[in-house]
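Just so it is clear, the values below take in all heavy atoms, side chains as well, and ignore hydrogens, waters and symmetry mates. We count residues from 1, following the sequence as given.
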Amino acid sequence: MALMDFIKKQFIDIIQWTESGDGTLAWRFPMAEMEIQNGASLTVRESQVAVFVNEGQVADVFGPGMYKLTTQTLPVLTYLKNWDKLFESPFKSDVYFFSTRQQVDQKWGTPQPITIRDKDFGAVRLRAFGNYSFRIGDAKLFHTEISGTRDTYTVADLDGQLRGLVLQNISNAIASSGVPFLDLAANQIQFAQALAAQLVPEFAKIGIKLENITVQNVSLPEELQKILDQKIGMGMVGNDVGKFMQYQTAQAIPKFAEGAANGGGIAGDAMGLGAGVALGQVLAQNLAQGLSPNAAAQAAATQQQPAVAVVNPNDVMTTLEKLGELKTKGILTQEEFDAKKAELLKKLV
C-alpha cells in the first residue's frame, strides 16, 4: 500500500509564476500533497521575487533568474531541514512569488476635512487628494508583516493600510515643509516632497517602497479662500495698497447698487442715491490719483482745500420718514411733501 501511495504521488519539477493580470502582490505556488523534486527548475521572471518558507520560517529568497534546486542553491532550507549534502529525495516547502513591479495611479484623499495646526491661523481644516505609486521592496518583510500564508494578496487588500498611512502623516508633512498654509495650493510639489519624506520610512516598515506621490489639489476653507483671493488681488496690482483699495471699491459698487434697488420706498431711494453718490466720488478720486502722474501733488492739494459739508443719508432718510408721517396725518399736503422731498434730495447731489 505504501508503495502504491509513493507511485501515485506527484513530483514538481518546474516552479514558476506567470501573472494573469494586474493587482496581485503575492501568490503561493499550489503544492497540495505534491513534493518538489530535487534538481527541479525554478524560474523567477523580471519584476518577481520567490521566497521558500519551511514550516512558517522564511528560508531562501530568489531574485530574477533560473535556478536548479539543490542543497547548494537552497542553503538556508538545507540548514533548516538538516539535509546531508548528498540528499536527493523530494522535499516539501511552501513557495511564494511576489510582484516587484510598480503599482501605479493609486489614489489617496481626505474623505473628511482634517484639522491642521498653522502658526498664522491656529487650527484650520483642509481637504487634499492625489495619487502615488509603490512596489514591494522587501519581499521577506512583506511576507512576515503583511501577506502571510494567504494564497493571494492584492493591491486592493493593501489599499486601506496605505491610505491610512498617508492621512496619518499629512500634518507632519505640512509642518516640516515650512510652507505657510495659505501658500499650500500654490506649492503642491513642495508639499508632495515633504509628504514623501514622511511616508518613505513608514512604508519601508512593511516592506513597501514608495516610488512617487503627487498632490493634485488642496481645498481651503471658504474663509481662508477669501483671504487667498485678496492676496491674489494685491499681487495683481503690485502690492500697492492704494490701487488695491481702488479695486475693492470698484468691486463693492455693484453690491451697493443691488442693495439700493431692492430697498424700495423713499428710504431705499435716499439710501441708494446717497451711497451711490458717495461711492462714486470716492472711486473718482481714487482712480484720478492712481492714473495721474502727479497723483501725490494732487492728493496734497486736495487735502489743503476746505472740507465740503457732507449730508448724511441716514439723516435724510429719517427726515423723509417723519415728513411722510405728517403727510399721512394730513398735516402736510402732497405738494408740500413733494417740495420738501425735492429739496432734501438736492442736498445729496
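Each of Phe62, Phe29, Tyr96 was checked for a side-chain contact (heavy atoms from CB on, under 4.5 Å) with Phe52, and the lone residue meeting it is Phe62.
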>> Please determine whether salt bridge (Lys or Arg N to Asp or Glu O under 4.0 Å) holds for the pair Asp338 and Lys340, giving the CA-CA distance in whole Å, both sets of side-chain angles, and the decisive distance to 0.1 Å.
In response: CA-CA 5 Å; Asp338 291 339; Lys340 191 62 177 177; over 6 Å; no

> Does the pair Lys140 and Asp60 meet the rule for a salt bridge (Lys or Arg N to Asp or Glu O under 4.0 Å), with working shown?
Replying inline: CA-CA 9 Å; Lys140 179 178 179 181; Asp60 299 279; over 6 Å; no

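Side-chain polar atoms of Gln48 and Arg101 form no donor-acceptor pair below 3.5 angstrom. A donor and an acceptor atom, one from each side chain of Ser219 and Asn217, are located under 3.5 Å apart.
Counting all heavy atoms, side chain and backbone alike, Ile36 lies closest to Ser93 at CD1-O, 4.1 Å. A pairwise comparison of heavy atoms in Val44 and Ala50 identifies CG2-CB, 3.7 Å as the closest pair.
Judged by distance alone, the side chain of Asp138 and the main-chain N or O of Leu141 form a donor-acceptor pair under 3.5 Å.
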Result block: side-chain N/O donor-acceptor pairs under 3.5 angstrom for residues 201-211, not counting sequence neighbours:
from	atom 1	to	atom 2	distance (Å)
Glu211	OE2	Arg135	NE	2.6

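Considering only heavy atoms from C-beta on, Ile12 stays 4.5 Å or farther from Glu35 through its side chain.
Hydrophobic clustering, with ILVMFWY side chains joined whenever heavy atoms are under 4.5 angstrom apart, groups Ile114 together with Val166.
Residue pairs meeting the salt bridge (charged side-chain N to carboxylate O under 4.0 Å, His left out) criterion with at least one member in residues 156-167, sequence neighbours excluded: Arg150-Asp157, Asp159-Arg163.
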